[in-house]
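Report on one structure; see the data block that follows.
Predicted model only: the values in this text are computed from it and were never measured.
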Amino acid sequence: MQRDPLREGRLGSERPEDVAAYLSSMAADRWIAGADIQVDVAHLMMLTRQEIIDPGLAKAIMEVLLEIHDGGLPATVYDDRYEDIHAGIEAYLIDRVGIDIGGRLHMGRSRNDEVATCIRVRLREELIACMGELLELREVLVTTAGQHTGTIMPGFTHLQHAQPTTLAHHLLSYEAAFGRDFDRMRDSIARINLCPLGAAAFASTGYPIDREYTASLLGFDGLAENTMDAVSGRDFVLEAISDCAMLMTAASRLCEEIVFWSSAFVAFIRLSDAYCSTSSIMPQKKNPDVAEIMRGKTGTVAGALSAGITLVKGLPMSYNRDLQELTPHLWSAVAATRSSVALLSGLLGAAAFNTDRMAEEADRGFATATELADVLVRDFGLPFRTAHGIVGRAVRKGRLDLATLEGAAGEIAGLSLVDLGVTDGVVSAALDAAYGIRVRRAPGGPAPEATERAIRERQRVLEADLIWVRTRTDRLEKALSDMIADARELIQ
Ligand code: ARG
């Protein structure tokens, strides 16, 4: 470890190892180490352009920064006797070029604006990558839905057989939820991709800095303008964790269904062995462990959100060191979410659906009774509540056929369905699950013509979302590679 230049003045350099390790954010800073070099390069280019630093000295610093950018960070910068990666990199720089040169990079900035910038640089990249992975999951759902617009299955409320639907309809409901998760992340990027640099400790700086220039070099869309807010605001972090928690909540519900569907009681799905584990004692077991771990990780992500809000809520303006404790929760939430989304696509893509079992269960428990009541209303003029009562009473008698319905109609409403023209044929046609699905053709419903329409529409949305992800990714990569190219010119 190089000497820690931060501790040469006000404090003695010596600090017990346990205190140093306790204070250090080094473990989590591995996430932002690459971003920190980019932020250093941008800051140095701004200092140079604004003639705050002598060009010859800037060149010497830039040579080291670009060497690190190209060759990776030296191991010494990660020593957790440094408080953080910023101190580690500065110490390395000073060791390489001497304090008279290396000691000038930190002019007009603080670790406070530096770390906030690094988190934003890294987070936008992570979220956009997550959105790309989410797109793949949504594609698997839409494609699988397209293969199952005619696959009839039971739909549940209260986990009781309720009404028949189709597998396409069921899968599209998840795609709708994941689509909103995608939109939420895209909306969050607008608030994340703003640059705190130039805020310094919190009160900005008296050097003639150019905040817009560093912001544009780093591919930001604008400034996190108020400098006190720029260093202390972490709602962008809480928002990102919340996006992840919400996404994971939907994923966890799907996982719950996968676990349920793969149980022998239900047997709607057969998972690929790749996504299952066995038991150390029960040799016959095939357990849906990936889905279960994912349900569990949702708790981890929700916990990160709760920890984050609790951490931030009592902090006065502006920067407080507590904020350092927030960042690991962010990375843990992002990592859990990204790995889950990617695995969920693979798991679903490799699963086999048992459509015979689904069909078998579709009308269990009088699940087609609603349509029968509706037929009595639509074709025979009964008020819905009367029809509902008659069908319910017939179910209570244990069977849904013309005889029980006729008896029920007499009891409930003192009328004869037979006199109204209801026949055996009418009853059995109304109780056919396929018929009930065919007539539910309103937008968003399970009828094949409705789900086929929905699938076409969602494919259009997916294409637009893919263009957004690609454009954003390319724009950020271009900004950063242009900046590095400009930096190389500086050292020519
Ligand atoms: N490691 C710190 C963090 O993550 C960086 C900022 C430190 N600032 C300070 N004034 N001690 O928040």
For [X], look at atom [atom1] and say whether over 12 heavy atoms of other residues, nucleotides or ligands are found less than 6.0 Å away.
X    : atom1 : answer
R321 : CZ    : yes
I52  : CD1   : yes
E325 : CD    : no
R338 : CZ    : yes
R184 : CZ    : yes

Which atom names give the shortest non-hydrogen contact between [X] and [Y], and what distance separates them?
X    : Y    : result
Q324 : S25  : CD-CB, 3.2 Å
I192 : A240 : CD1-CB, 4.4 Å
L6   : A87  : CD2-CB, 4.2 Å
E17  : R81  : OE2-CD, 4.0 Å
L344 : A251 : CD2-CB, 3.9 Å
G445 : T451 : O-CG2, 3.6 Å

Could you tell me whether the side chain of [Y] reaches within less than 4.5 Å of the side chain of [X], counting heavy atoms only?
X    : Y    : value
E292 : V259 : yes
C130 : T337 : yes
H86  : I32  : yes
R488 : M62  : no
R453 : E457 : no
L194 : R120 : yes
M131 : W468 : yes
W331 : I119 : yes

To the nearest 0.5 angstrom, please state how far the [atom1] atom of [X] sits from the [atom2] atom of [Y].
X    : Y    : atom1 : atom2 : result
T327 : R234 : OG1   : CZ    : 6.0 Å
D29  : C118 : CG    : SG    : 8.5 Å
E175 : R458 : CD    : CZ    : 4.0 Å
K59  : I53  : NZ    : CD1   : 13.5 Å

Quiz item: Just checking, any donor-acceptor pair under 3.5 angstrom between side chains of H170 and E257?
Solution: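 Result is yes, a qualifying pair exists.
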
Exercise. For the pair Q50 and M45, evaluate side chain to side chain contact (heavy atoms under 4.5 Å, CB included) and give the outcome as yes or no after the intermediate values.
Key: CA-CA 8 Å; Q50 296 299 103; M45 288 179 68; over 6 Å; no

Donor-acceptor pairs are to be reported for all side-chain atoms of residues 216-227 against protein atoms at under 3.5 Å, with residues two or more places apart or in another chain.
| from | atom 1 | to | atom 2 | distance (Å) |
| --- | --- | --- | --- | --- |
| S216 | OG | Y213 | O | 3.2 |
| D221 | OD2 | N193 | ND2 | 3.1 |
| D221 | OD2 | R472 | NH1 | 3.2 |
| D221 | OD2 | R472 | NH2 | 3.0 |
| N226 | OD1 | M228 | N | 2.9 |
| N226 | OD1 | D229 | N | 2.9 |
| T227 | OG1 | F202 | O | 2.6 |

Quiz item: Within 45° of the six-membered ring axis of Y174 and under 6.0 Å from that ring's centre, is NZ or CZ of R253 located there?
Solution: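 No cation-pi geometry.
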
Below 4.0 angstrom, N of the basic side chain to O of the carboxylate: do [X] and [Y] qualify?
X    : Y    : answer
D474 : K478 : no
R15  : E83  : yes
D100 : R104 : yes
D210 : R49  : yes
D183 : R180 : no
R460 : E463 : no

Quiz item: Which is it for R138 and D465 under the salt bridge (charged side-chain N to carboxylate O under 4.0 Å, His left out) test, yes or no, and what are the steps along the way?
Solution: CA-CA 11 Å; R138 292 167 61 200; D465 287 351; 2.9 Å; yes

For residues 299-312, please give each side-chain donor-acceptor pair under 3.5 Å, one per line with the distance, not counting sequence neighbours.
| from | atom 1 | to | atom 2 | distance (Å) |
| --- | --- | --- | --- | --- |
| T310 | OG1 | S306 | O | 2.6 |

Practice problem: I would like to know whether R122 and E126 meet salt bridge (charged side-chain N to carboxylate O under 4.0 Å, His left out); could you show each step before the answer? | Solution: CA-CA 6 Å; R122 193 60 215 277; E126 286 291 323; 2.5 Å; yes

Practice problem: May I have the step-by-step check of side chain to side chain contact (heavy atoms under 4.5 Å, CB included) for V140 and E136, ending in yes or no? | Solution: CA-CA 6 Å; V140 171; E136 280 170 36; 5.6 Å; no

Exercise. Check the angle between the aromatic planes of F268 and W261 and answer parallel, tilted or perpendicular using the 30° and 60° thresholds.
Key: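 The rings of F268 and W261 sit tilted, inter-plane angle from 30° to 60°.
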
Out of [options], which residue meets the side chain to side chain contact (heavy atoms under 4.5 Å, CB included) rule with [X]?
X    : options                : result
L137 : L343, L347, L348, V142 : L348
R109 : D40, I209, L47, T205   : D40
R111 : V231, D84, I85         : D84

